[in-house]
Number of protein chains: 2
Amino acid sequence: MARKIGSHSEITGPRIREAALRLFARHGFAAVSMRQIAAEVGVQAGTLYLYTADKQALLFDLMQDHLTELLTATSQIETGGTPTARLIAFARFHIGYHLDRPDAVFIAYMELRNLSPENFATIEHLRRRYEDRLQAILQAGSDCGEFALPDARMAGFALIAMLTGVTGWYREGGRLSRVEVQTLYAEMALRAVGRRAPD
Amino acid sequence: MARKIGSHSEITGPRIREAALRLFARHGFAAVSMRQIAAEVGVQAGTLYLYTADKQALLFDLMQDHLTELLTATSQIETGGTPTARLIAFARFHIGYHLDRPDAVFIAYMELRNLSPENFATIEHLRRRYEDRLQAILQAGSDCGEFALPDARMAGFALIAMLTGVTGWYREGGRLSRVEVQTLYAEMALRAVGRRAPD
DNA sequence: GTCTATAGTACGATAGAC
DNA sequence: GTCTATCGTACTATAGAC
C-alpha cells in the first residue's frame with residue numbers, strides 16, 4: 001500500500017472514515033490511535049487532521065451519519081397499514097439494515113461514553129427519534145387492541161434489544177439465511193407483543 | 001481520601017478491584033489508566049502491581065469472577081419443573097442478578113475485545129455455559145411441545161439479548177418496580193416462545 | 001505495604017518543507 | 001495534499017527508598 005506524494009483529497013477522506021469505522025468497531029475508540037488509522041489508509045498521522053478537527057470529531061461524525069441515514073431509511077418503511085403489518089416491516093427493516101452495517105451499529109451502541117457531553121446529547125436525541133418510531137407502532141397497536149401490552153414503552157426497549165442482538169451472533173453463510181432470521185424474529189416480536197403472526 | 005504509610009493489604013486488594021470495575025464500566029477499559037484506578041483507591045500507581053500482574057489481568061479477573069459467580073448462582077435455580085416454570089425462573093433470575101451488578105454485566109459484554117486471545121477463549125467458554133442453560137430450557141420446551149419454536153438456538157439468543165437489555169434503561173425508583181419488570185419480561189419471554197403465561 | 005522516581009514508549013496534535 | 005519532524009504530555013511497568 002505504498003503511496004506517492006500527490007493530491008487525493010477526494011478519496012482520502014472517505015478512506016479515513018472507512019478505516020476509522022472498522023478499527024473503532026474492532027478495537028474500540030479509546031484503543032485505536034490516530035497513527036493506526038493513518039497506517040491503514042496509507043498516509044502519515046498528520047494528514048488525518050486535514051479531514052477531521054480531532055479524534056473526537058471523527059467518532060462523532062461516524063455516529064451522526066449512521067443515525068441520520070438510519071432515520072432517513074426508516075422513513076421509507078413508516079407508511080400506514082395495521083400495527084401488525086407495521087411491526088413486521090419494522091422488525092425486518094431493523095434486522096436487515098443492521099446486518100448490513102455491523103461496524104456502524106456496533107460503534108453507535110458501544111462508544112456513547114467516549115463522546116463529549118454535547119456530542120452525546122446530539123447522538124442520544126437521534127437514537128431516541130428512531131426508537132420512538134417503534135414505540136409509536138406499539139402504542140397504536142395497544143390502543144386499538146391489536147397488541148396486548150401491559151407497558152408499551154418497556155416492550156419497545158425489549159424489542160429493540162432483541163432485534164439488535166442479531167448482530168451479535170448472525171454470520172453470513174451460516175445455518176440460517178438472512179430472510180429466515182428476519183422472518184423468525186418478526187414472528188417472535190409479534191408473539192412478544194401478544195399478537196400471533198398472520199400465516 | 002488521604003492515606004498514610006502502613007499495611008492494608010486485606011482491604012486494598014478488594015478496593016482496587018471495586019475501583020477498576022466502576023471505572024472500566026463508566027469509561028471503558030482502554031480509556032482508564034492505572035493512575036486513575038490508583039487515585040480512586042488512594043494509593044500510588046506502582047502499588048497496584050502488588051495486587052495484579054498487569055492491567056490485562058485486572059480486567060480478566062473481574063470478568064472471570066463475574067461469570068463464575070453467575071454460573072454458581074444459576075445452578076440454584078436450575079432445578080426441575082416444567083419448561084414454562086423453568087423459563088419464568090430463568091428470566092426473573094437473569095434480570096434480578098443483572099440489575100444487581102450493572103457494572104460487572106456491562107464489562108463482561110463490552111470489554112471482550114480488550115482481552116488477550118487466551119483470556120477471551122476462557123471468558124467466552126464461561127458465557128457459553130451460561131447461555132446453554134437457557135438453550136436447554138428452550139429445547140426441553142420445544143421437544144415436549146410446550147413451546148412453539150422454529151429454532152431453539154436462535155430463540156435463546158433473542159431472549160438473552162432481550163433480557164439483558166433491561167440493564168440499559170431500568171432505573172431504581174423509576175416508573176416500574178424491579179418485580180414488575182421481572183414479571184413483564186418473563187411474560188414477554190413466554191409469549192415469544194409461543195407459550196402464554198399462566199395466570 | 002506503600003512510597004518516590006523513572007525508564008521506555010506511545011499518544012494527540014502542530015509546524016513547516018516539498 | 002502529503003510528507004517529515006517534533007512538541008508536550010501521558011502511559012504501563014519497574015526499581016529501590018522507607
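Just so it is clear: chains get the letters A, B, ... in the order the sequence lines come, proteins before strands, and each one is counted from 1.
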Legend entry - Distance test, side-chain N/O of A:Thr12 to OP1/OP2 of D:dG1, below 4.0 Å: no
Inset, instruction - Start with the C-alpha distance between B:Tyr97 and B:Thr74, add both sets of side-chain angles, then the distance that settles side-chain contact (heavy atoms from CB on, under 4.5 Å), and finish with yes or no. - result: CA-CA 9 Å; B:Tyr97 194 89; B:Thr74 311; over 6 Å; no
Legend entry - Candidate nucleotides C:dG12, C:dG1, D:dC3, ranked by approach to the side chain of B:Tyr51 - the nearest: C:dG1
Inset, instruction - Would you please confirm or rule out a distance under 4.0 Å between OP1 or OP2 of D:dT4 and any side-chain N or O of A:Gln44? - result: yes
Legend entry - A:Leu50 CG - C:dA13 P separation (whole Å): 14 Å
Inset, instruction - Give the ring-plane orientation class for A:His98 versus A:His66, where under 30° counts as parallel, over 60° as perpendicular and anything between as tilted. - result: perpendicular
Inset, instruction - Would you please confirm or rule out a distance under 4.0 Å between OP1 or OP2 of C:dC11 and any side-chain N or O of A:Ser33? - result: yes
Legend entry - Which nucleotide in D:dC3, C:dG1, C:dT14 has an atom nearest any side-chain atom of A:Tyr49: C:dT14
Inset, instruction - Rounded off to whole Å, could you give me the CD-to-C1' distance for the B:Gln36 and D:dC11 pair? - result: 11 Å
Inset, instruction - Whole angstrom is fine here: how far is it from CZ in A:Arg15 over to C1' in D:dG1? - result: 14 Å
Legend entry - Donor on one side chain, acceptor on other, A:Arg133 and A:Ser75, under 3.5 Å: yes
Inset, instruction - Take atom CG of B:Leu48 and atom P of C:dG1, then tell me their distance rounded to the nearest Å. - result: 14 Å
Inset, instruction - Among the candidates D:dA13, D:dT6, D:dG1, find the nucleotide nearest to the side-chain atoms of B:Asp54. - result: D:dA13
Legend entry - Residue whose closest nucleotide on DNA chain C lies nearer the 5' end, A:Gln56 versus B:Ala45: B:Ala45
Inset, instruction - Using atom NZ of A:Lys55 as one end and atom C1' of C:dT14 as the other, report the distance to the nearest whole Å. - result: 17 Å
Legend entry - A:Tyr130 and A:Phe90 aromatic centres sub-6.0 Å: yes
Inset, instruction - Can you tell me the distance, in whole Å, between the CE atom of A:Met34 and the C1' atom of C:dC11? - result: 11 Å
